[in-house]
Each structure stands twice: as structure tokens, then as C-alpha cells.
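One structure below.
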Amino acid sequence: MPSHAIPPPLLRASPSAPAAFNGRRTPPRVRTHGSRLVVAASGGGRPAGRGMEQHHGDGSRSPVREKPLMSNIGKSTNILWHNCPIGQSERQKLLGQKGCVIWITGLSGSGKSTLACALSRELHCSGHLSYVLDGDNLRHGLNRDLSFKAEDRAENIRRVGEVAKLFADAGTICIASLISPYRRDRDACRALLPESRFIEVCLLYDCLSSYYL
Ligand SMILES: Nc1ncnc2c1ncn2[C@@H]1O[C@H](COP(=O)(O)OS(=O)(=O)O)[C@@H](OP(=O)(O)O)[C@H]1O
Ligand SMILES: Nc1ncnc2c1ncn2[C@@H]1O[C@H](COP(=O)(O)OP(=O)(O)O)[C@@H](O)[C@H]1O
């Protein structure tokens with residue numbers, strides 16, 4: 001099978017999927033064409049806000065039929081939130097676990113990466129899916145444009161907080177390992193998730209340092 005081919009299980013329709021497309025007149029038809037996935041979206045077009053679900057801080061969802069979730073972001077207007085029929089609870093059921101963020105903070109050399117890797121290995125051995133977001137590694141890609149001045153560190157943490165939230169939403173135990181010296185930046189990341197889904201591990205010796213604000 002070529003590396004880009006879609007494995008057959010992904011193409012199987014979930015029994016509950018059609019009901020979840022109630023925002024469209026017709027759900028899109030998906031079929032394979034050689035190694036390609038062909039999607040025919042017919043009729044109805046955008047869901048126009050109907051059949052959407054509102055996500056609450058505790059991870060629960062409820063249908064929102066009256067008001068589409070729109071935002072104005074910068075110069076762009078009418079940014080519409082799209083929900084997928086396969087949501088957080090379906091992913092949790094599939095994986096047999098709930099996603100969360102374990103945020104490891106501490107000075108350079110304090111053992112963050114070592115702890116993150118050890119934790120990830122233990123979780124893996126006990127059958128849990130985890131993923132390490134290491135500050136050093138992310139600065140090779142996603143955050144390569146950022147320096148170590150305070151505002152860039154803040155942007156660094158903001159981005160990683162958002163990515164970690166997505167990993168948790170995907171059902172993964174996301175282990176973020178960053179110096180993240182400013183409490184306000186870490187608190188902003190914590191605020192992205194329900195209280196019990198964000199666990200901060202502060203390598204204590206460094207947290208007593210005046211480097212931490
Ligand atoms: N000036 C300066 N200050 C701090 N750190 C530096 C610097 N230059 C490079 N490095 C390397 O970058 C790693 C820290 O990146 P982070 O993204 O975790 O930092 S921060 O959270 O934005 O403060 C850090 O990795 P760790 O040692 O694993 O913490 C360093 O290897
Ligand atoms: N618990 C520990 N005891 C002794 N040495 C450790 C411990 N944790 C990490 N180290 C060592 O300290 C050094 C820095 O660890 P590292 O995980 O890279 O820190 P950080 O990611 O915070 O920069 C490494 O050489 C590592 O092997």
C-alpha cells in the first residue's frame with residue numbers, strides 16, 4: 001500500500017454518523033479512487049450554524065440551533081466554528097482514556113525533558129497514548145521565529161498552550177515541557193481547559209528561584 005493510501009477502517013461509516021450531519025441537507029459522499037479519497041459534497045453547502053454543538057468548559061456539549069458561533073478575528077469577520085460528528089467523547093471512547101495536559105515547568109537543566117520522556121514511556125507501557133511537546137524541539141519548527149525576550153516567551157507559551165489543548169481534545173495525554181517562567185502565561189494555558197484537565201508540575205528547586213515571576 002502506498003504511504004499516502006487511506007487504510008480501509010477509516011473509510012467505514014460510523015452507524016451514528018448520518019444523524020450528525022443534520023446541519024447539511026445531504027452528508028458528503030466519500031469513496032476511494034485508487035489511492036485517493038474522493039469526497040462529493042452535494043446540496044446544502046455550509047451548515048449555516050444549524051446542528052452545531054456548543055462546547056462547555058467541562059467538556060460537555062449541547063446543541064446550539066439558534067445562534068451560529070461566529071467570531072471576528074483581526075481583519076477577518078464571520079469566522080465560523082465547525083464541528084465534526086466525531087467529537088471528544090467519541091475519541092475518548094475509542095482510546096479508552098480522557099485527554100489532559102501535564103505541564104512541566106522549570107529552569108533549563110532542571111530535568112524537564114528527562115521527566116517528560118520518562119512519564120511518556122511509563123504511560124506508553126501502561127497502554128496510554130501520550131505526546132511530548134518539548135520547548136526545545138518546538139523551537140525547531142512551530143516556534144522557530146521566537147526569541148527569548150519576555151513577549152516572545154509569552155507567545156511561545158500561548159502557542160504551545162493552544163496546541164496542547166488540541167492534543168487533549170484529541171484524547172491524548174499531552175506532556176508539555178517548557179521553561180515557561182511566567183505564571184501569567186502558564187495560567188492562561190490552564191484557563192484553556194477544564195480545571196481537572198490541566199496538571200502543572202513545577203520542578204520545585206527552580207520554582208523558588210527569583211527567575212520565576
Ligand atoms: N537564552 C536562552 N534562555 C533559555 N533557554 C534557551 C536560551 N537559548 C537557548 N535556549 C534553549 O531553549 C530551551 C527553552 O525553550 P522554551 O521554549 O522551553 O523556553 S520558554 O518557555 O519560552 O522560556 C532550553 O531548553 P531546556 O534546557 O530543555 O529548558 C535551551 O536549550
Ligand atoms: N532526576 C535526575 N537526577 C539526576 N540527573 C538528572 C535528573 N533529571 C535529569 N537529569 C540530568 O540533568 C540534565 C538536564 O536534564 P534535562 O531533562 O535535559 O533538563 P531540561 O529539559 O530541564 O533542560 C541531563 O543531563 C539529565 O540527564
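We're numbering straight along the sequence, starting at 1. No hydrogens, no waters, no symmetry mates; every other heavy atom, side chains included, goes into these values.
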Problem set entry | All salt bridge (charged side-chain N to carboxylate O under 4.0 Å, His left out) counterparts of Glu155, not counting sequence neighbours | Arg158, Arg159
Exercise. Can Arg139 be said to sit on top of Phe148's aromatic six-ring, NZ or CZ under 6.0 Å from centre and within 45° of the ring axis?
Worked result: yes
Exercise. What residues, two or more places apart in sequence or in another chain, satisfy side chain to side chain contact (heavy atoms under 4.5 Å, CB included) together with Val132?
Worked result: Ala116, Ser120, Asp134, Ile175
Problem set entry | Nearest-0.5 Å distance, CZ of residue Arg153 to CG of residue Asp185 | 10.0 Å
For this session: For Ala168 and Val101, work out which heavy atoms get closest and say how close.
Result: CB-CG2, 4.0 Å
For this session: Indicate, with yes or no, if Leu166 and Leu133 share a hydrophobic cluster defined by side-chain heavy-atom contacts under 4.5 Å among Ile, Leu, Val, Met, Phe, Trp and Tyr.
Result: no
Seminar exercise, completed: CG of Leu178 to OG1 of Thr105, rounded to nearest 0.5 Å, is 8.5 Å
For this session: Give, for atom NZ of Lys165 and atom CZ of Phe198, the distance between the pair rounded to the nearest 0.5 Å.
Result: 12.5 Å
Exercise. Residues two or more places apart in sequence or in another chain: which of them pass side chain to side chain contact (heavy atoms under 4.5 Å, CB included) with His124?
Worked result: none
Problem set entry | Single-linkage hydrophobic cluster Leu146~Leu138, side-chain heavy atoms < 4.5 angstrom | no
Problem set entry | Side-chain (Lys112) to main-chain (Ile104) donor-acceptor, under 3.5 angstrom | no
For this session: Evaluate the side-chain proximity of Ser180 to Ile157: yes if any heavy-atom separation is below 4.5 Å, no if none is.
Result: yes
For this session: Just do the side-chain contact (heavy atoms from CB on, under 4.5 Å) check on Leu115 and Leu203 with the steps written out, would you?
Result: CA-CA 10 Å; Leu115 177 59; Leu203 296 182; 4.0 Å; yes
Seminar exercise, completed: In this structure, CG of Asn143 is separated from CG of Asn156 (nearest 0.5 Å) by 4.5 Å
Exercise. Closest approach of Ala176 and Val160, non-hydrogen atoms and distance?
Worked result: CB-CG1, 4.4 Å
Exercise. In Å and rounded to the nearest 0.5 Å, what is the CG to CG distance from Leu142 to Asp145?
Worked result: 8.0 Å
For this session: Answer with yes or no whether the hydrophobic clustering places Tyr131 together with Val163; edges join I, L, V, M, F, W, Y residues whose side-chain heavy atoms lie under 4.5 Å apart.
Result: yes
For this session: Say whether, by atom type as modelled, one donor and one acceptor occur between the side chain of Thr172 and the main chain of Cys174 under 3.5 angstrom.
Result: no
Exercise. Which heavy atom in Arg190 sits nearest to a heavy atom in Glu200, and how many Å separate them?
Worked result: NH2-OE1, 2.9 Å
Problem set entry | For the student: nearest non-hydrogen atoms of His128 and Ser126, plus distance | ND1-OG, 3.0 Å
Exercise. Would Leu119 and Ile173 show up in the same hydrophobic cluster when neighbours are defined by side-chain heavy atoms closer than 4.5 Å?
Worked result: yes
Exercise. CG/Leu193 to SG/Cys100 distance, rounded to the nearest 0.5 angstrom?
Worked result: 9.0 Å
Exercise. Is any side-chain N of the basic residue among Arg184 and Asp187 closer than 4.0 Å to the acidic one's carboxylate O?
Worked result: no
Exercise. Nearest heavy-atom pair of Ser130 and Leu123: which atoms, and what distance?
Worked result: CB-CD1, 3.9 Å
For this session: Could you walk me through whether Glu162 and Leu192 pass the side-chain contact (heavy atoms from CB on, under 4.5 Å) test, one step at a time?
Result: CA-CA 8 Å; Glu162 291 287 350; Leu192 295 172; 3.7 Å; yes
